[in-house]
Amino acid sequence: MCGIIGIVGTTEVASALYDGLTVLQHRGQDAAGIATVDGSHLRLHKGRGLVRDVFNQGAMSQLVGHIGIGHCRYPTAGSDRVDEAQPFYVNSPYGIAFGHNGNLVNTEALRKEMFEDDRRHINTDSDSEVLLNVLAHELQIQEHMALTPDNLFKAVAALHARARGGYACIALLLGYGLLAFRDPNGIRPLVLGERVVGSRHEYAVASESVAFDVLGFKLMRDVAPGEAVFITDDGQLFTRHCADGAMHAPCIFEYVYLARPDSMIENVSVYKARLRMGQRLAEKIKRERPDHGIDAVIPIPDTARTAASALAEALGVPFREGFVKNRYVGRTFIMPGQGDRVKSVRRKLNAIPLEFRKKNVLLVDDSIVRGTTSRQIIQMARDAGARQVYFASAAPPVRYPNVYGIDMPSAHELIAAGKTDAEVQQQLGADWLVYQDLADLVWAVQDGNEDLQHFDASCFDGRYVTGLDQHYLEQIELLRSDDAKAARHCA
């Protein structure tokens, strides 16, 4: 999970890219970077940490240019070193700076092709660098002709034919403009925006529409699956579908957790989708436990608040804020190690005892992944005096790794993998556990856009839209486990 943004403006864009990245910070807190083009020179600054920590006044003053891209990320599939902060850069052909959100599932095959056939060296473990070099190679093939939009789109089509996985990408081509494209299944999100300054048009692409809101861009539309967008240095917009025939299947977990509620993705309001998740979950509770005896519905801040409020309203039960969040602690889901996650929960949340004392409370979270946070929160509710602690997940059980850019861990670290709901309930220490049904989750999103017929819900149902082999899942197991991460940090 990463955040990307690119702008082709009429004036300096560095401050706008910075502001856009701060709004996309929820998509990655590990590293950030900005690249701009100043004439024939690339200006690049990146580093580990939050956007506000990576960029100071001195760094920003060097990022000169009216065209640029930005990236914030968290580490996936083993890519967690300092030198893997993005944007990446290659100097041939033309000079290309590159940012990527997602994950490839054929990285090793492509890495081998890069070395043996394309004669390109990959310097990091990042699949993003592999994807950049695939793009560079395909552009190199077009180099003997003028770099027209047509030839650019041919290069992207060739990349789609080679790469498998979920990816939304932006690239600066020095002296030419900004190129953005999305994987043929449309797994990872990408939106296109526009604003008019005087008589000229400025364009932007980003992971989420919320970045446009803060910058004054108007959301034009989502970049279509397999589509490429090219914006020239002087602001001309060209688009083309570069891959056909793949099933459109956006990631449904974007609506559950990843995206901000004020974003629009695939013409669906994330906020409205989460309201519908809460409504459907309330209906399930009424069916399965009509005499539920719930005294208060309490959200786990912040992502679950929308679903919890709709659930409470549908049940006719008071909605209460029972936990206060320390906003200076990052999202525990994207922390790289189990030790950090365990330590951070008590630092992140503090209970308000009066909302729990002698009550039967229903705690609502967006999802349950490892169960580490959920288990501690349930205990916090008991320590605060709750009589009974029920727990509701606005998403179905997470039983399978996500391989398209979300660092959901190896299967053996997922609390619901291979377990019944009753077994998970026991492990969490809840008095009752209720999950959203997958059909209801799909409805909650689909109701906002009936043209959406399919979703990537692989972490719930184990169906990978690009196809996978067992060897790849074994590799992911080795790379993503907390033990593997700890070993890399100690090396």
Side-chain angles (χ1 to χ4, degrees), residues 2 4-8 35 37 67-69 71 86-88 90 93-102 104 110 127-128 130-143 145-194 201-209 219-250 265-266 404-405 466:
C2 300
I4 58 175
I5 184 170
I7 300 175
V8 177
V37 177
I67 176 172
I69 62 175
H71 187 275
Q86 296 184 40
F88 283 120
V90 293
Y94 316 111
I96 307 170
F98 187 81
H100 165 221
N101 172 34
L104 300 180
L110 284 175
D127 62 331
S128 303
V130 172
L131 198 55
L132 165 58
N133 277 273
V134 173
L135 176 63
H137 176 76
E138 298 302 335
L139 286 171
Q140 193 92 47
I141 293 173
Q142 304 293 327
E143 190 178 20
M145 299 173 281
L147 191 62
T148 62
D150 183 61
N151 290 329
L152 268 175
F153 295 146
K154 287 179 181 177
V156 174
L159 178 147
H160 287 322
R162 298 179 68 177
R164 280 199 300 129
Y167 51 91
C169 306
I170 49 175
L172 282 182
L173 304 178
L174 271 68
Y176 292 92
L178 185 149
L179 176 68
F181 53 92
R182 191 177 178 202
D183 68 81
N185 296 105
I187 298 172
R188 300 264 64 86
L190 190 65
V191 290
L192 175 65
E194 177 187 34
H201 290 257
E202 297 184 330
Y203 293 99
V205 290
S207 296
E208 295 182 37
S209 64
L219 172 64
M220 295 172 65
R221 59 180 177 83
D222 293 84
V223 175
E227 184 182 19
V229 173
F230 177 55
I231 308 159
T232 64
D233 275 348
D234 59 357
Q236 297 181 68
L237 174 67
F238 300 87
T239 67
R240 181 180 298 175
H241 288 273
C242 299
D244 296 316
M247 180 176 68
H248 183 192
I265 298 177
E266 301 286 359
Y404 298 125
T466 64

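Here the structure is a predicted model, which means the values were calculated and not measured. Side chains are part of it too, since the values below use all heavy atoms of this structure and drop only hydrogens, waters and symmetry mates.
- Under the 3.5 Å distance criterion, the side-chain polar atoms of Asn185 are left unmatched by any main-chain donor or acceptor of Ile187.
- Between the NZ atom of Lys154 and the OG1 atom of Thr148 there is a distance of 7.0 Å, given to the nearest 0.5 Å.
- Annotation: side chain of His137 is not in contact with side chain of Val134 (no heavy-atom distance under 4.5 Å).
- Heavy-atom minimum distance, Ala171 versus Phe98: CB-CD1, 3.9 Å.
- Formation of a donor-acceptor pair under 3.5 Å by the Thr239 side chain with backbone atoms of Val229 is not found in this model.
- Between Pro184 and His160, the shortest heavy-atom contact is CD-ND1, 3.7 Å.
- Taking the side chain as every heavy atom from C-beta outward, Val8 and Asp233 never approach each other to under 4.5 Å.
- Atom CG of Leu132 is separated from atom CG of Leu159 by 10.0 Å, given to the nearest 0.5 angstrom.
- Contact between His100 and Cys169 at its shortest, heavy atoms only, is CD2-SG, 3.9 Å.
- Nearest approach of Ile170 to Ala180, heavy atoms of both residues: CG2-CB, 3.8 Å.
- Asp234 and Thr232 are linked by a side-chain donor-acceptor pair at a separation below 3.5 angstrom, with hydrogens and angles left out of the test.
- In this structure a side-chain-to-backbone donor-acceptor pair under 3.5 Å is present from Arg182 to Arg188.
- A distance of 6.5 Å separates CG of Leu147 from CZ of Phe230, quoted to the nearest 0.5 Å.
- Looking only at side-chain heavy atoms (C-beta outward), Phe181 and Cys242 stay at 4.5 Å or farther from each other.
- One N or O on the side chain of Tyr404 and one on the backbone of Thr466 form a donor-acceptor pair closer than 3.5 Å.
- Although no hydrogens or angles enter the test, the distance criterion places no donor-acceptor pair under 3.5 Å between the side chain of His241 and the main chain of Gly226.
- For the pair Leu139/Ile96, a side-chain contact is recorded, criterion being any heavy-atom separation below 4.5 Å from C-beta on.
- Under the 4.5 Å side-chain criterion, counting only non-hydrogen atoms from C-beta, Pro250 is not in contact with Ile265.
- Side chain of Asp127 to main chain of Leu104: a donor-acceptor pair is present (N/O by atom type, distance under 3.5 Å, no hydrogens or angles).
- A distance-only check finds a donor-acceptor pair linking the side chain of Asn101 to the backbone of Cys2 [under 3.5 Å].
- Heavy-atom minimum distance, Leu190 versus Ala168: CB-CB, 4.1 Å.
- Here Leu110 contributes atom CG and Arg164 contributes atom CZ; the two are 9.0 Å apart, rounded to the nearest 0.5 Å.
- Nearest heavy atom pair, residue Glu138 against residue Ala158, reads OE1-CB, 3.2 Å.
- Contact of the Leu237 side chain with the Met220 side chain is registered, since non-hydrogen atoms from C-beta on lie closer than 4.5 Å.
- A 4.5 Å side-chain heavy-atom check between Ile4 and Gln86 finds every atom pair outside the cut-off.
- In this structure, the separation between CD1 on Ile5 and CD on Glu208 is 11.0 Å, given to the nearest 0.5 Å.
- For the pairing with Arg221, the side-chain hydrogen bond (donor to acceptor under 3.5 Å, both in side chains) check across Glu194, Glu227, Glu266 returns one residue only, Glu227.
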